[in-house]
2 protein chains.
Amino acid sequence: MPLPEPVPELTSLDLLVSVSELGSISAAAGAHGITQPAASMRLRKLEQVLGIHLLERATTGSRLTPAGEATVEWATPVLHALESLLVGTSALHRSARSSLRLAASMTVAEYLVPSWLGKLAGERGGASVSLEMGNTASVAGLVADGRADLGFIEGARPPGRLSFREVLEDELVVVVGASHPWARRRRVLSPDELARTALLLREEGSGTRQVLAEALAEHGLEVVSAMELGSTTAIKAAAGAGAGPAVLSALAVADERESGALVAVPCEGLRLHRVIRAVWSGRLGPVAARLLAISAGRHPVAGQG
Amino acid sequence: MPLPEPVPELTSLDLLVSVSELGSISAAAGAHGITQPAASMRLRKLEQVLGIHLLERATTGSRLTPAGEATVEWATPVLHALESLLVGTSALHRSARSSLRLAASMTVAEYLVPSWLGKLAGERGGASVSLEMGNTASVAGLVADGRADLGFIEGARPPGRLSFREVLEDELVVVVGASHPWARRRRVLSPDELARTALLLREEGSGTRQVLAEALAEHGLEVVSAMELGSTTAIKAAAGAGAGPAVLSALAVADERESGALVAVPCEGLRLHRVIRAVWSGRLGPVAARLLAISAGRHPVAGQG
DNA sequence: GTAGCGTTCTAAGCTTCGCTTATGCCCCTT
DNA sequence: AAGGGGCATAAGCGAAGCTTAGAACGCTAC
């Protein structure tokens, strides 16, 4: 479902935030490395795109209107989320030398690493971090080979003589779109019932699917797929549209559950837990140790509520 | 602190999400109303801006690389936050006729209304909602005059014969930047101590400042301002930079507390609560009733933890 | 009161970027 | 073997955005 046009520009939203902090258009322009007329035009266009007055301009500077203040408040989470994206993608460059080389499973890399790196950057500015994604085996391999300083794996205990530490617990949850009958269901789901239902799943080989299959296998059951999709996003979109139930990591659906787009269905009698552990080899450097401490800090519980 | 250049385009991120859902560049192009070469160019540029390969192109369609999947996951919160911004700003148009006319105090309008409207839109598509912002008195006036169907006010009990209902409780919290000494403080803050400290505040007349002043007045104390700033954002930025403690609504600093940019300092003996109430006059229409139900639903507790 | 500084808008000119149309190649399917 | 879907390339056009330059306005200090 594409965005409605027209869409405000990220740089213009950022510029508006700067105006609110600095008090004048020209100061904000300077901070962004553009000229004052350019900044003025961008803000005028932003007002036009949003259809509201954002600034009260005066020859002594510019103040935000109440609508402008609200827009700044609404823009802040957009820009924060963008920063996470930039932190994550920039870590994915195969940079030659980095002060910290991470390796992580998909779930950890996608949902946890950017916020950890954000906190790390908040404390020590100039740490260049690289990130490699892979399954548990390949992450363990990178760490064992010394090609990664610190790794994060799911489920299995680390092989060999790697040091490890439990970081947090993840849990798979059954989710459906808000329009699905199960969204209003009160009874707890039984393993049997889940196995009789066609589910939205990743292709064979996905770690999440494997955990689900093993949990069902303990009851002598097998997964039935309604549709095999290529990405977590595709599964979430399909489930949200009511295409059926899906089983995903609680970390992956935290946002959608909060916004109400997806509803978790309580489920009983299945071992859908998995532990996320940090692994490393030898002695940790100072930056790696700091990241480990951040990652093992308090986290919102990924419960099934 | 401006964004680093270059910044990815929102429409390109949205396009990437569509590719991940639809499985091909040309299908995504069609969904966005642009031609296939244009979509191809945008995605190529996005890859260049982010510095990573996002797509595995083939003559049978395109699949996301692992890095592409992660990018989609990271883009999703950006786009969700953007949708909230668009919902909020579009409600601020003074539209001639709307199926629901809201009035709300700044805090409610900024931090709660967009998510309520998002949920409302999720259930009933075509409700056009308008939003007016103001202080408690003006909101009550709009509702009493029949120029708003439903209002949300803070603190005071609604005047006159308006119907009302408690929606949630808000709380003011003392926050400091992560580098401030109080961030690592263990002792609880006393009213006396708070009054002896110069604080970052809005100008006189702000509702938040008034609540703080009244709470201190109960102890015979007065607020001391270190700096008077024009917007909540400016205060948060200054506090985050370590300029001093600020006192803000828990709703306003929820994001920053989660990200660690701001730290709440426990505080004892002050009445920093305020109740947020919905107010209306006469009989509620179906859309207004639905929004009221959404607003009075469960919410994350705005505690002082 | 006047000079000066900082703020804003306007205007003109230029460059650059992005989209569309048209075309060719490749691979899978029938 | 032929057709269709999907992606890339090339050319041309149009528009959008930035910079430089100039002018008006208001506050402040002398």
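Naming convention: chains lettered A, B, ... in sequence-line order (proteins, then strands); numbering from 1 in each chain.
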**Q** Check the phosphate of D:dG5 against B:S26, side-chain N and O only, distance under 4.0 Å to OP1 or OP2. Yes or no?
**A** no
**Q** If the threshold is 4.0 Å, N to carboxylate O, is there a salt bridge linking B:E47 and B:R57?
**A** yes
**Q** To the nearest angstrom, how far is B:E9 atom CD from C:dC17 atom P?
**A** 12 Å
**Q** Just the atom pairs and distances: protein N or O near nucleotides 23-30 of chain D's N or O, under 3.5 Å.
**A**
from	atom 1	to	atom 2	distance (Å)
D:dG26	O4'	A:T59	OG1	2.7

**Q** Just to be sure I understand the rule, does B:A27 reach a base, reach only the sugar-phosphate, or reach nothing, if contact means heavy atoms closer than 4.0 Å?
**A** nothing
**Q** Is there a donor in the side chain of A:R202 and an acceptor in the side chain of A:T208, or the other way round, less than 3.5 Å apart?
**A** no
**Q** For the side chain of B:T35, counting heavy atoms from C-beta on, which of D:dG6, C:dT8, C:dT21 is nearest?
**A** C:dT21
**Q** Can you tell me if B:E56 and B:S62 form a side-chain donor-acceptor pair at under 3.5 Å?
**A** no
**Q** Side chains of B:S259 and A:H80: do they bring a donor and an acceptor to under 3.5 Å?
**A** no
**Q** OP1 or OP2 of C:dT8 less than 4.0 angstrom from a side-chain nitrogen or oxygen of A:S62, does that happen here?
**A** yes
**Q** Taking only the side-chain heavy atoms of A:P37 (C-beta and beyond), determine which of D:dA8, D:dT19, C:dT8 contains the nearest atom.
**A** D:dT19
**Q** May I ask you to decide if A:Y111's main-chain N or O and A:S115's side chain share a donor-acceptor pair within less than 3.5 Å?
**A** no
**Q** In whole angstrom, what separates A:I34's CD1 from C:dT8's P?
**A** 12 Å
**Q** Are side-chain N/O atoms of B:E73 and A:T233 paired as donor and acceptor at under 3.5 Å?
**A** yes
**Q** Need to verify one output field. Residue with the more 5' nearest nucleotide on DNA chain D, A:K45 or B:A58?
**A** B:A58
**Q** Could you give the CE-to-C1' distance, from B:M41 to D:dA11, as a whole number of Å?
**A** 12 Å
**Q** For B:L22 and D:dG6, what is the distance between atoms CG and C1' respectively, to the nearest whole Å?
**A** 14 Å
**Q** Taking 4.0 Å as the cut-off, does a side-chain nitrogen or oxygen of B:R57 come that near to OP1 or OP2 on D:dA8?
**A** yes
**Q** Roughly how many Å is it from CD in B:Q36 to C1' in D:dC7, rounded to a whole number?
**A** 5 Å
**Q** Whole-Å distance between C:dC19 C1' and B:L43 CG?
**A** 14 Å
**Q** Roughly, in whole Å, what's the span from CZ in B:R63 to C1' in D:dC7?
**A** 17 Å
**Q** How close or far is atom C1' of D:dC18 from atom CD1 of A:I25, stated in whole angstroms?
**A** 16 Å
**Q** Hey, does the side chain of B:R44 come within less than 4.0 Å of D:dC7's phosphate (OP1/OP2), counting only N and O?
**A** no
**Q** Under 4.5 Å between any side-chain heavy atoms of B:K236 and B:V253, yes or no?
**A** yes
